[in-house]
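Below, all heavy atoms of this structure are taken into account, side chains as well, without hydrogens, waters or symmetry copies.
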Protein chains: 2
Amino acid sequence: METTRGAERQRTAAERRRRELLEAADRVVLRDGPQASMNAIAAEAGITKPILYRHFGDKGGLYRALAKRHTDALLSALRAALDAPSERRERVEATLDTYLAAIEARPQVYRFLMHPSDDAAPSPEQGFDVGRHSAPLLRRLGEELGKVISERVDLGPDSEQTARIWGHGIVGMMHAAGDWWLGDRPCSREQLVRSLADLLWGRLAEAGDLPGGPGF
Amino acid sequence: METTRGAERQRTAAERRRRELLEAADRVVLRDGPQASMNAIAAEAGITKPILYRHFGDKGGLYRALAKRHTDALLSALRAALDAPSERRERVEATLDTYLAAIEARPQVYRFLMHPSDDAAPSPEQGFDVGRHSAPLLRRLGEELGKVISERVDLGPDSEQTARIWGHGIVGMMHAAGDWWLGDRPCSREQLVRSLADLLWGRLAEAGDLPGGPGF
DNA sequence: AGACTGGTGTTACCGCGAGTAACGTATGCT
DNA sequence: AGCATACGTTACTCGCGGTAACACCAGTCT
């Protein structure tokens, strides 16, 4: 009865192959950005297109598999920052800094993670698919952060709802500011982190008006 | 000497044509989303592709022209909310609400505005184009809001820098929260606006810890 | 042994969308 | 008249996502 052992070996072999393919794809994406073609990836892996399709279904499948790896890594780094035993403000700053450091260190990966949802709507359903534009990564981060907030912060009634809103809002803030910063590099990472934390800490509400016209 | 008058007439005629084409493109994008093809747009306009290319250069050109119209419209609506003669908190809420109302009213347009930068980097420059992913719309809103803040709010030293950071951060927050909300519709627009304003007003800093584990 | 199954791999193709070349055709200027 | 300059067309190239059809090489079942 060699069946089970044989099947098992085959399975692990397939998994190893899959990982090899993913690593090849990773290299190509790192080089060519998110518009890396299936042809290029196949070439890098030393094989041809149909094999990729056998393993991942379609381009979206490959990209999703690729994105999951990086997203998981980023998420676990963020969780570490979020779980540090310190003051809330410090933890918030550490989380912001972790995210910004990650996108700073590997902008190509970051760019890839933000993109791959161009596939849009193959949905033949009628009605408007209102079309979530945001990258899955941001969605996931937002949900995750919302969960953390609702678990740890006392927000009174409707805390669940509020926490989710804040989770997505904060993630969006972090992302947009980070994206802009990455392009123009107008200041140090520390300063960016401090300014964003200040914003979350209500400094906008406290600041006084400037003379002339209505104060924002 | 009929030259100048003739040339002028030609020019205005060309401009009218261009506007007609843009309006046709608009209809198609409204119907098909951001992946509207040049063929489809040409068909809608009752002509063929090469004419589109003569007018707009390439797809990016057309999309940029299209986006500019909508962006300008949205921006002027936001400016109105930002210039209302009321308390700062009210103005902030009005601005958030204006944005959310706009994306709620015309999600297809919104989706289109968020997308069109897939063209990525045809830059033959070496080194990494760090790759700004954000839609031009968000960039513009962020800059604009940063300007408004730095003009009107007293932020002490480094106010310019801080204001820009906040501008981009707030816009990102608004966008991410709005995008998520538009997809899941977990609450009313009013509640969303109030929660986001609360976040900007420092309620995260004020809230108490919940028992068990570190408080975010 | 020989037929069967399931995996790996190939070449060659389809369909579609962006973008272009080459060619006509009206309109007004000189 | 002749010539420019726009407008417009048909018919193509090229690259990409995706697939069909076929070949090969294990190990398994009878």
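Every residue two or more places apart in sequence or in another chain that forms a salt bridge (Lys or Arg N to Asp or Glu O under 4.0 Å) with A/D198 is listed here: A/R89, A/R203. With sequence neighbours left out, A/Q161 forms a side chain to side chain donor-acceptor pair (under 3.5 Å) with no residue at all. Considering only residues two or more places apart in sequence or on other chains, A/A102 meets the side chain to side chain contact (heavy atoms under 4.5 Å, CB included) condition with A/L74.
To the nearest angstrom, C1' of C/dG17 lies 13 Å from CG of B/D32. Taking atom CG of B/L52 as the reference point, atom C1' of C/dA18 lies 12 Å away to the nearest angstrom. The distance from atom CG of B/N39 to atom C1' of C/dA18 is 9 Å, rounded to the nearest whole Å. Remark: C1' of C/dG9 and CD1 of A/I51 are 5 Å apart, rounded to the nearest angstrom. Remark: C1' of D/dG17 and OH of A/Y63 are 11 Å apart, rounded to the nearest angstrom. Residue A/I41 contributes atom CD1, which lies 11 Å from atom P of D/dC16 at whole-angstrom precision. If you take CD of B/E15 and P of D/dA6, they are 13 Å apart, rounded to a whole angstrom. At whole-Å resolution of the value, CG in A/L62 and P in D/dG17 are 11 Å apart.
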Kindly give the atom pairs (protein nitrogen or oxygen, nucleotide nitrogen or oxygen) under 3.5 Å for nucleotides 18-22 of chain D.
unit_1: D/dG18; atom_1: OP2; unit_2: A/Y53; atom_2: OH; d: 3.4
unit_1: D/dG18; atom_1: OP2; unit_2: A/K59; atom_2: N; d: 2.9
unit_1: D/dG18; atom_1: N7; unit_2: A/K49; atom_2: NZ; d: 2.9
unit_1: D/dG18; atom_1: O6; unit_2: A/K49; atom_2: NZ; d: 2.6

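If you check every strand for non-hydrogen atoms under 4.0 Å, A/I47 touches sugar and phosphate atoms only.
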Donor-acceptor pairs under 3.5 angstrom involving side-chain atoms of residues 46-56 of chain B: please list them, not counting sequence neighbours.
none

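Under the 4.0 Å criterion applied to side-chain N and carboxylate O atoms, A/R17 and A/E20 are assigned as salt-bridge partners.
Distance from the side chain of B/T48 is smallest to D/dT9 among C/dG9, D/dG17, D/dT9.
Sequence neighbours left out, the pairs with a member in residues 73-82 of chain A that pass salt bridge (charged side-chain N to carboxylate O under 4.0 Å, His left out) are A/R79-A/E144.
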